[in-house]
K.L.:
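Quick one: this structure, given as structure tokens, is what I'll be asking you about.
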Amino acid sequence: MTIRSVFLGAGCFLPERVLTNHELARMVDTSDDWIVQRTGIHERHVAAPNEFTSDLALKAARAALADAKVEADSIDLIVVATSTPDNTFPATAVAVQAGLGITTGAAFDLQAVCSGFVFGLSTVDALLRAGNFRRALLIGAETFSRILDWTDRTTCVLFGDGAGAIVLEAQEQPGGRGDRGVLTTHLRSDGRHKKKLYVDGGPGSTQTVGHLRMEGREVFRHAVTMITDVVVEAFKATGYTATDLDWFVPHQANKRIIDGSVHKLGIDPSKVIITVDRHGNTSAASIPLALCVGLADGRIKRGDLVMFEAMGGGFTWGAALVRL
Ligand code: UT7
């Protein structure tokens, strides 16, 4: 027998306001054609002025608890992966905790930009398997609209707001190939690239929030190699191959990056969940949002073998293989 972090349910939330490429073309020198051809994005959701990351996170968390059919007070760990917290501190996770009426256990934020959900999954998995906690909420939630320079066409067309959450529980599994739960996680960072995708402000440097800056072409150049390397590590660690996967649920930054990775890995394109067309890049929220969409429309089912991967600012990158 072995302890594994087993998936109990998922939920997500998108702000009501949809911002189309056509609207963006009236704000900056861009076009629907350019955005669709270079990124695959058609539209993204944007939070209302009074809607914070914690509000999106709380709604996704409630949906995940309902899907998992568990009570909020049974959760003893809440991790929110975000780079757009409500405040510098306290953690957005404690706002979610209070919103759910939970007064026990622990809640904290984790910041690995677009790789936040995979880094969070690895962290939560380790804490559950070590016996520190029993049942966890892992949330990816972002309001990148707040850190975009809306006059910079090279970045403002790419990102969106949203949140996705999953519930995980430490459970004994037989310890064999059919085990449910998180099977392996692989995390990487390389700070030499920190200026290629960053925010030009912060509490310690400028005492302002700052705006997202990116050398898009440079990020793109590294993305497919980094993603495929770490996915291959996950295959090697478990003995599974691309043909064993039921679903590939990648971070949704750019359809061309996803297509390039899928091709290089030999994954059947019909097994890939794509949401970048409707959500844009929602950073740490993109994977749980995509998972949620795939579960809700019935494509992804319990027991399916699912590979998650992400790459983003830092650079950070990682992969996780899970049997739902
Ligand atoms: O979440 C993880 C981190 N993020 C990513 O993974 C993003 C990675 N990068 C990308 O997805 C792509 O590099 C972008 C979508 C950001 C850009 O696509 P690209 O094919 O790499 O274009 P580019 O940056 O090489 O720009 C091509 C041209 C440039 O014009 P010149 O210099 O060739 O005259 C840009 O100025 O497109 C121009 N351009 C635009 N034109 C219309 C840049 N942004 C826009 C725009 N509309 N929004």
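Count residues from 1 along the sequence. Indexing begins at 1, ligand by ligand and atom by atom, following the structure's order.
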K.L.:
Could you list which atoms of ligand 1 come closer than 4.0 Å to a heavy atom of Arg256?
P.N.:
18 (O), 20 (O)
K.L.:
Can you check whether a protein heavy atom sits less than 4.0 angstrom from atom 12 (C) of ligand 1?
P.N.:
yes
K.L.:
Run Ser261 and His263 through side chain to side chain donor-acceptor pair (under 3.5 Å) and show every step you take.
P.N.:
CA-CA 5 Å; Ser261 310; His263 178 74; over 6 Å; no
K.L.:
Give a yes or no on whether atom 25 (O) of ligand 1 lies under 4.0 Å from any heavy atom of the protein.
P.N.:
yes
K.L.:
Atom 43 (C) of ligand 1: which of Trp34, Phe144, Phe315 has the nearest heavy atom?
P.N.:
Trp34
K.L.:
If you count the atoms of ligand 1 from 1 in the order shown, which ones are under 4.0 Å from a heavy atom of Val219?
P.N.:
3 (C), 4 (N), 5 (C), 6 (O), 8 (C)
K.L.:
Ion pair present between Arg213 and Asp149, side-chain N to carboxylate O less than 4.0 angstrom?
P.N.:
yes
K.L.:
Going by the order shown, which atoms of ligand 1 are within less than 4.0 Å of some heavy atom of Val157?
P.N.:
48 (N)
K.L.:
Which atoms of ligand 1 have any heavy atom of Asn254 under 4.0 Å away?
P.N.:
10 (C), 11 (O), 12 (C), 15 (C)
K.L.:
Minimum distance, heavy atoms only, to atom 20 (O) of ligand 1: which one of Arg153, Gln37, Arg38 is it?
P.N.:
Arg38
K.L.:
Give a yes/no verdict on whether any heavy atom in Leu158 is under 4.0 Å from an atom of ligand 1.
P.N.:
yes
K.L.:
Starting from atom 4 (N) of ligand 1, which protein heavy atom do you reach first, and at what distance in Å?
P.N.:
Met214 SD, 3.7 Å
K.L.:
Using side chain to side chain donor-acceptor pair (under 3.5 Å), reason through Asp109 and Thr82 one step at a time and then give a plain yes or no.
P.N.:
CA-CA 7 Å; Asp109 286 0; Thr82 188; over 6 Å; no
K.L.:
Determine, stepwise, if the pair Met226 / Val219 fulfils side chain to side chain contact (heavy atoms under 4.5 Å, CB included).
P.N.:
CA-CA 10 Å; Met226 287 177 163; Val219 180; over 6 Å; no
K.L.:
Tell me whether the rings of Phe308 and Phe117 are parallel (<30°), tilted (30 to 60°) or perpendicular (>60°).
P.N.:
perpendicular
K.L.:
Any atoms of ligand 1 less than 4.0 Å from a non-hydrogen atom of Thr154? List them with their elements.
P.N.:
43 (C), 44 (N)
K.L.:
For ligand 1, which atoms sit closer than 4.0 Å to a heavy atom of His251?
P.N.:
1 (O), 2 (C)
K.L.:
Should you measure from each heavy atom of Ile257, which atoms of ligand 1 turn up under 4.0 Å away?
P.N.:
6 (O), 8 (C)
K.L.:
Quick one: which ligand 1 atoms are inside 4.0 Å of a heavy atom on Cys114?
P.N.:
1 (O), 2 (C)
K.L.:
Go through the steps to decide whether Lys196 and Glu215 satisfy the test salt bridge (charged side-chain N to carboxylate O under 4.0 Å, His left out), and finish with yes or no.
P.N.:
CA-CA 5 Å; Lys196 291 183 178 125; Glu215 291 174 38; 6.0 Å; no
K.L.:
Could you check atom 9 (N) of ligand 1 against the protein and tell me its nearest heavy-atom contact, residue, atom and distance included?
P.N.:
Gly216 O, 3.0 Å
K.L.:
Considering all protein heavy atoms, does one lie under 4.0 Å from atom 31 (P) of ligand 1?
P.N.:
no
K.L.:
Do any non-hydrogen protein atoms sit less than 4.0 Å from atom 39 (N) of ligand 1?
P.N.:
yes
K.L.:
For atom 3 (C) of ligand 1, tell me which residue out of Val224, Asn21, Leu197 has the closest non-hydrogen atom.
P.N.:
Leu197
K.L.:
Can you confirm whether something in the protein, heavy atoms only, sits under 4.0 Å from atom 34 (O) of ligand 1?
P.N.:
no
K.L.:
Please report which non-hydrogen protein atom sits nearest to atom 2 (C) of ligand 1, along with the residue it belongs to and the distance in Å to one decimal place.
P.N.:
Met311 O, 3.2 Å
